[in-house]
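Here is the structure we will look at.
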Amino acid sequence: EVQLVESGGGSVQAGGSLRLSCAASGFTFDDYAIGWFHQAPGKEREGVACITVSDGRTYLHDSVKGRFTISNDNAGNTIYLHLQMDNLKPEDSGVYYCAAFDKLFLPLMNHYGVDYWGKGTLVTIFS
């Protein structure tokens with residue numbers, strides 16, 4: 001059974017930091033990119049960061065470069081994906097979803113290509 005379970009959302013003042021984590025299991029990691037999609041109210045989900053487990057390459061949306069860092073830890077059949085978010089801005093608010101998609105889509109991070117989704121975790125940045 002595929003599972004993507006997020007944790008670490010919350011509320012923080014602009015300029016602050018949050019760390020999101022996702023425990024992913026139940027699929028062949030080497031075939032996928034695993035990452036984070038952000039959905040602001042009234043907008044489509046947009047990929048912000050992902051990593052290819054097979055070679056450790058990372059991809060970041062231009063809007064988060066220099067502020068967000070993606071990393072992963074491997075523990076047997078489970079991948080723990082982390083998103084360190086620094087210097088947060090009010091526009092970073094929304095639901096963050098952990099997702100897995102075929103790495104052939106890279107460097108695009110398009111929600112249409114996602115095979116597996118987590119349930120999401122809410123991030124609220126107040127000014």
Side-chain angles (χ1 to χ4, degrees):
E1 179 188 6
V2 174
Q3 289 191 319
L4 296 167
V5 182
E6 303 98 335
S7 60
S11 297
V12 66
Q13 194 169 21
S17 298
L18 284 172
R19 181 176 170 89
L20 306 183
S21 294
C22 170
S25 61
F27 57 99
T28 305
F29 302 131
D30 284 353
D31 296 337
Y32 287 88
I34 308 175
W36 296 93
F37 284 69
H38 170 228
Q39 186 166 25
K43 296 188 177 182
E44 287 192 336
R45 294 181 191 184
E46 183 176 52
V48 294
C50 72
I51 190 167
T52 48
V53 178
S54 58
D55 59 9
R57 292 189 66 179
T58 60
Y59 301 79
L60 294 170
H61 191 280
D62 286 345
S63 65
V64 305
K65 287 180 180 178
R67 301 190 299 121
F68 290 12
T69 304
I70 188 168
S71 61
N72 71 282
D73 299 309
N74 295 359
N77 295 326
T78 301
I79 294 278
Y80 295 94
L81 189 70
H82 309 292
L83 186 67
Q84 178 66 39
M85 306 188 294
D86 298 319
N87 191 20
L88 283 159
K89 304 176 180 181
E91 53 264 40
D92 295 322
S93 295
V95 181
Y96 283 76
Y97 296 89
C98 183
F101 58 96
D102 193 322
K103 63 183 181 182
L104 294 177
F105 286 104
L106 292 168
L108 296 177
M109 293 185 281
N110 193 310
H111 69 279
Y112 294 111
V114 172
D115 285 339
Y116 307 118
W117 291 103
K119 292 183 178 181
T121 185
L122 180 64
V123 169
T124 304
I125 312 302
F126 54 92
S127 54

message: How long is the straight-line distance from CG of L108 back to CG of L104, given to the nearest 0.5 Å?
response: 12.0 Å
SG on C50 to CH2 on W36, rounded to 0.5 Å: 12.5 Å
query: CG of N77: more than 12 outside heavy atoms within 6.0 angstrom?
result: no
query: Taking the side chain from S93 and the backbone from I125, do they hold a donor-acceptor pair closer than 3.5 Å?
result: yes
query: For the side-chain contact (heavy atoms from CB on, under 4.5 Å) test, which of V95, V48, V114, N110 pairs with F37?
result: V114
query: Y97 and F68: same hydrophobic cluster, using ILVMFWY side-chain contacts below 4.5 Å?
result: no
message: Once side-chain hydrogen bond (donor to acceptor under 3.5 Å, both in side chains) is applied, do any residues pair with D62, and if so which ones, sequence neighbours excluded?
response: K65
query: Okay, side chain of E6, backbone of G120: is any donor-acceptor separation there less than 3.5 Å?
result: yes
- prompt: Is I79 reachable from M109 through a run of hydrophobic residues whose side-chain heavy atoms are each under 4.5 Å from the next?
  reply: no
message: Assess the residue pair D92 and R67 against the criterion (side chain to side chain contact (heavy atoms under 4.5 Å, CB included)); give the C-alpha distance rounded to whole Å, side-chain angles, the decisive distance to 0.1 Å, and a yes or no.
response: CA-CA 11 Å; D92 295 322; R67 301 190 299 121; 2.7 Å; yes
message: I want to check something: taking the side chain as every heavy atom from C-beta on, are K103 and S54 in contact at a cut-off of under 4.5 Å?
response: yes
- prompt: Should F101 and I51 be counted in the same cluster of Ile, Leu, Val, Met, Phe, Trp and Tyr side chains packed under 4.5 Å apart?
  reply: no
message: Let me confirm one number: the NE2-CZ distance from H111 to R45, rounded to the nearest 0.5 Å.
response: 8.0 Å
- request: Hey, could you give me the CG/CD1 distance between L4 and I34, rounded to the nearest 0.5 Å?
  value: 7.5 Å
Determine all donor-acceptor pairs shorter than 3.5 Å in which one atom belongs to a side chain in residues 11-31; sequence neighbours excluded.
residue	atom	partner	partner atom	Å
S17	OG	D86	OD1	2.7
S21	OG	H82	ND1	2.9

- prompt: Counting distance only, does the side-chain N/O of R57 pair as donor-acceptor with the main-chain N or O of V53 below 3.5 Å?
  reply: no
- request: Flag the pair Y116 / Y32 as yes when their ring centroid distance falls below 6.0 Å, and as no otherwise.
  value: yes
field: Spacing of L83 atom CG and T121 atom OG1 [to the nearest 0.5 Å]
entry: 11.0 Å
Check: N72/Y80 side-chain N/O donor and acceptor closer than 3.5 Å: no
- prompt: Is the gap between the ring centers of Y96 and H38 under 6.0 Å?
  reply: yes
- prompt: Between W117 and L81, is there a shared hydrophobic cluster once you connect ILVMFWY residues whose side-chain heavy atoms come closer than 4.5 Å?
  reply: no
